[in-house]
**Q** 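Take this structure first; my questions come after.
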Amino acid sequence: MSGRERRLVRVEGVVQGVGFRPFVYALANRLGVTGQVRNDSSGVLLDVEADPDTLARFIAAVRAQAPPLAVVEKVESTVADPVGWPAFAIVASQTQAQRNTLVSADSATCADCLAELDDPADRRYQYPFVNCTNCGPRFTIVKDVPYDRPFTTMAKFPICARCETEYHDPADRRFHAQPVCCPDCGPRLDLLDSAGQPLAGPSLPTAAEMLRAGAVLAIKGIGGYHLAVLATDEPAVATLRSRKHREDKPFAVMVATVDDAREWCSLDAAARKLLSGWRRPIVLCDRREGTALAKSVAPGNRQLGLMLAYTPLHHLLLRAVGGPIVLTSGNTSDEPIAYEDADALARLGTIADAFLTHDRPIHIRTDDSVARSVGGRPMMIRRSRGYVPEPLTLRPETPQPLLACGAEQKNTFCLAKGRHAFVSHHIGDLENYQTLRSYTEGIAHFGRLFDIEPAVVAHDLHPEYLSTKYAMELENVELVGVQHHHAHIASCLADNGESGPVIGVAFDGTGFGTDGTIWGGEFLLADLVGFTRVGRLAPVAMPGGAAAIKQPWRMAAAYLDAAGIDDFSVLSQRHEGDWSTVVTMARRGINAPLTSSAGRLLDAVAAIVGVREAINYEGQAAVELEQLADRTEKGHYRLAVLDGETLEVQGVDLVRAVADDVRAGVPGPVIAARVHNGLVDLVVRVCGQLRDRTGVDVVALSGGVFQNLLLVEGVVAGLGGAGFRVLTHSRVPPNDGGISFGQAAVAAARLSGRP
Amino acid sequence: SSHGAGGKATHTLIEAIFAPAFSNPLLDKMEDSAALTVGDARLAFTTDSYVVSPIFFPGGNIGDLAVNGTVNDLSVAGATPLYLSAGFILEEGFPVADLQRIVDSMAAAAAAAGVQIVTGDTKVVQRGKADGCYINTSGVGVREHSTDFGVDQVKPGDVVIVSGPIGDHGVTVMLARGELDIMSDITSDTAAVNGLVARLLAGTNGVRAMRDATRGGVATILNEVAKGANVAVVVNEAAVPVRTEVRGASELLGIDPLYVACEGRIVVIVAGDCADEALAAMRSHPLGEQAAVIGKVVDDPPGLVLLNTTFGGTRIVDLLVGDPLPRIC
Ligand SMILES: [Fe+3]
Ligand SMILES: [Mg+2]
Ligand SMILES: [Zn+2]
Ligand SMILES: [Zn+2]
């Protein structure tokens, strides 16, 4: 075989469970390459022979033509002595001690599978678990690596002869698709009553009929149970709200197609792309007015969380129902989503009238992801199903394996090794015990999957965060404390592949500062390693601590008092008896910690405008203030900035201006717009001053407040106009869900900079 | 400062400084009082210092607090309190009339509890070096019961009882500082619990552990139980007795009654099958009329206190590291 060359090619990235070996097999046969391909714990290993030109074309194509779900990160080849492979073959996986392989995220049903679902001649016609190499459950069913059926929750379904033939046929699109199954051998659908007893009749049509009749259904999905009602049925939606103890927080709505989505919302190109892509997050879109959607789906919200069907079951159900359904996480408020069958029955039995469920276990709970389009670019709000566990890139990479523990609420953790940062699925609020347990179990699971035993542990500085306490109790690790807002800015830097220095604007609700007060309206001169606090909102008291977060009227009381306004009777009369006590608490520091939080300033303003005085979900007052704002109003309030080593923004100026306008009878929407425009003006001005001081002309925007569309779009435009380069979030959320990634980036930078 | 707030910071100080320096088998048990054997006598010995501000508050003052506190530390060890010492540190210029009031109420509290103050000491420090009046009391009691109480006796299946509504003392003191114009009828719960404990121990043999819920409140005690016995304590929020006025004031102040100090309330862990007789015995005493089962001991998750909220959630009631700072967004 003269003229033939042999190469050993190692491919790393998301290359298992995504149809990579069949792709290689087909490619090799097309080009006339012989040899073999196998999965191992580091990815895919090719042992190939051909003439040098063909080999070069083959290796280039391995990267360039990879299947849709694959992410090829690295292709390395070494020359070897030819052995004369007669043909090309796929060989069985081997388990190795070293694990570097990447598990792919769960994917929405592909077009080919949907076509089968609709084809009466196909043996998987209307089978609610149809999937293939290019689609279906992945992360949520994987128990261990390598990604092979015995290590997934599909192991309990013995594969039938026909499925096995497809599984072994390199020409089939189910070749080595681990969850492959059919009506003969795969999972089965079941419809149970709220006590877990089977209901008579065919499951899917009966379930659809119940939804049409106004019932609440629990539906087992990819990452957990959802609760569903017909989205156009006001009494049904209201029933769901009251049973779930969820008062105002908007529900997401699932529709079948992009055309259906257009009926309820107007979509830009980016939103359309987000909606219809294989990751299928909930996408926050501007809703149309005067639709038949039930009022209590998203009360008082200009936007609606929409998602397209992403499992065959969803597709079948939506067709049978014939309209959009509310699809919200299967839990009561503050609890994690139910994903185990017995637990779901126990916890959701009082909420759901029936359970549409199946016998394919979910190994790891994963909530729906949430995203939106900001200026034509995607912004993650919650990064979970469809994205996790795809790694993000750390630059510099971490010299030691590390764990970043994340924040307290909207917690995610992050395990990192080398350049790979594995940010976890959305864990939730750690104060809830079930959530804390899924946190510790999740860390162990990720550690096994990606073979990461952390030597370094990054954590927040808040001593009461349960994530901080978790870090403190670990043994034989090096601890790296990362200030909350530095982590926010670092997450934005790393999201953009940058390392600073930048002017970081971190606006959020609450974060523990290095001076022991609560921060949240911060201007940091920052890079990945460290930061200087170069500007802040002037601190004000939070009378009652956490109570001041849940009751924005308290922040109004503190701010009005700080602004020297003692006769704002519109508000104070409604809290007669308590108002003066709360003011005294603020003045004397009685259970009234100081805060520079931008979120609290927005809360105060929202209460003064009359939008909301007590909240039922996080950030509600600020969200409703944003909704209220008149988009055509261009006026703004001006906040003075006191000079000094640290610039100090006078939040009281905003409060005073708002109070004056309220008393003058200026309409709420106008005031709300001027508030937002005022904050935009402020950020642009302060950044200008800081650029003059430091010469830095790049700004990073992070923190939950920058989920506010009016603010983020205004600030991006304003800073752009002033000649700044602006970094915003796209892959990790600006809220505390991004903290773990920021902590990991800071720890990696500190470790790699160490002599 | 947060050292002394009764949370984790205090624990750390004790663990880091005092425990290693003074280590001995009696101290190392870290109970509220030491169980001594002197000759044939089984004794309990304890000490506590009182720095409450303000010194006078509705329902009591620093004097009866100092007597009751030490009596209670002995009582919850299962001892009959007998003799107390009293040490005073007075700021120069502290009004004699105030001192007289304090001492009178100490005498009355001692008489009510059936103990004698048998030794004492007084120091006067310069103006500004102390805040009016501090009192230290030590106490000796005799352990007549053969049962050994202790957190290490707690087992899954036990139940948790509180002797009455919680949070009265802490909220009273906060309001008594006079900075807040809250009108309220709330008074401190300061009282000696030795009579209540005697009634309880006469009524049941099932007591595993007893604590008086002082600094850090019931939440801190339950964390000590959970961590000390390596068990989980599950509290039912709806069952925790809190006076309406105390709940209202707590909500206004933004504090959690579970973490608020009491000075005449005990937390008792009893074997599950003795819960009814223990409750009946406590309710037969005036200080225990509103005693209630608030939770149970289970094996999992070890070391944690969980609160089943009225909404059906399960919240972790953690030991506070320092002053409570909001951690929600
Ligand atoms: Fe934050
Ligand atoms: Mg003591
Ligand atoms: Zn497919
Ligand atoms: Zn089959």
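Chain letters run A, B, ... following the sequence lines, proteins first, then strands; residues in each count from 1. All values reported here derive from a predicted model rather than from experimental measurement.
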**Q** As an exercise, state the distance from CD1 of A/Ile590 to CG of B/Leu175, rounded to the nearest 0.5 Å.
**A** 9.5 Å
**Q** Within a strict 4.5 Å, meaning less than it, do heavy atoms of the B/Asp318 and A/Leu466 side chains meet?
**A** yes
**Q** How many angstroms lie between atom CE of A/Met585 and atom CD of B/Glu179, to the nearest 0.5 angstrom?
**A** 11.0 Å
**Q** Does atom CG of B/Asp28 have more than 12 heavy-atom neighbours from other groups under 6.0 Å away?
**A** yes
**Q** Under a 4.5 Å cut-off applied to non-hydrogen side-chain atoms, are B/Cys329 and A/Asp736 in contact?
**A** yes
**Q** Between atom CG of A/Leu430 and atom CZ of B/Arg315, what is the distance when rounded to the nearest 0.5 Å?
**A** 14.0 Å
**Q** Just wondering, more than 12 heavy atoms not from B/Phe18 lying within 6.0 Å of its CZ?
**A** no
**Q** Which answer fits A/Arg600, side chain, backbone, both or neither, if we ask what part of it has an atom under 4.5 Å from a heavy atom of chain B?
**A** side chain
**Q** Between A/Asn331, A/Asp508, A/Thr510, which residue shows the highest count of heavy-atom pairs closer than 4.5 Å to chain B?
**A** A/Thr510
**Q** How far does CD1 of B/Ile328 sit from CD of A/Glu431, to the nearest 0.5 angstrom?
**A** 8.5 Å
**Q** If you draw a 6.0 Å radius around NZ in B/Lys29, do more than 12 non-hydrogen atoms from other residues or ligands fall strictly inside?
**A** no
**Q** More than 12 heavy atoms of other residues, nucleotides or ligands under 6.0 Å from NZ of A/Lys249: is that the case?
**A** no
**Q** Quick one: what part of A/Ala547 sits under 4.5 Å from any heavy atom of chain B, side chain, backbone, both or neither?
**A** side chain
**Q** Where on A/Arg554 is there a heavy atom nearer than 4.5 Å to chain B: the side chain, the backbone, both, or neither?
**A** side chain
**Q** Highest number of heavy-atom pairs under 4.5 Å with chain B: which of A/Gly577, A/Gly544, A/Gly509?
**A** A/Gly544
**Q** Using a cut-off of under 4.5 Å on heavy-atom pairs, state which of A/Asp578, A/Val582, A/Val583 scores highest against chain B.
**A** A/Asp578
**Q** So which of A/Glu618, A/Glu408, A/Glu464 has the biggest tally of heavy-atom pairs under 4.5 Å with chain B?
**A** A/Glu464
**Q** Checking heavy atoms, do the side chain of A/Asn432, its backbone, both or neither come under 4.5 Å from chain B?
**A** both
**Q** What's the separation between atom CZ in B/Arg327 and atom NE2 in A/His462, rounded to the nearest 0.5 Å?
**A** 7.5 Å
**Q** Any sub-3.5 Å donor-acceptor pair from A/Asn591's side-chain atoms to B/Gly254's backbone N or O?
**A** yes
**Q** Could you tell me which portion of B/Ile255 (side chain, backbone, both or neither) has an atom closer than 4.5 angstrom to a non-hydrogen atom of chain A?
**A** both
**Q** So for B/Leu325, is it side chain, backbone, both, or neither that comes closer than 4.5 Å to the heavy atoms of chain A?
**A** both
**Q** Starting at OG1 of B/Thr310, measure out to NE2 of A/His245 and round the result to the nearest 0.5 Å.
**A** 8.5 Å
**Q** Which heavy atom of A/Ile549 sits nearest a heavy atom of B/Pro326, and at what distance?
**A** CD1-CB, 3.6 Å
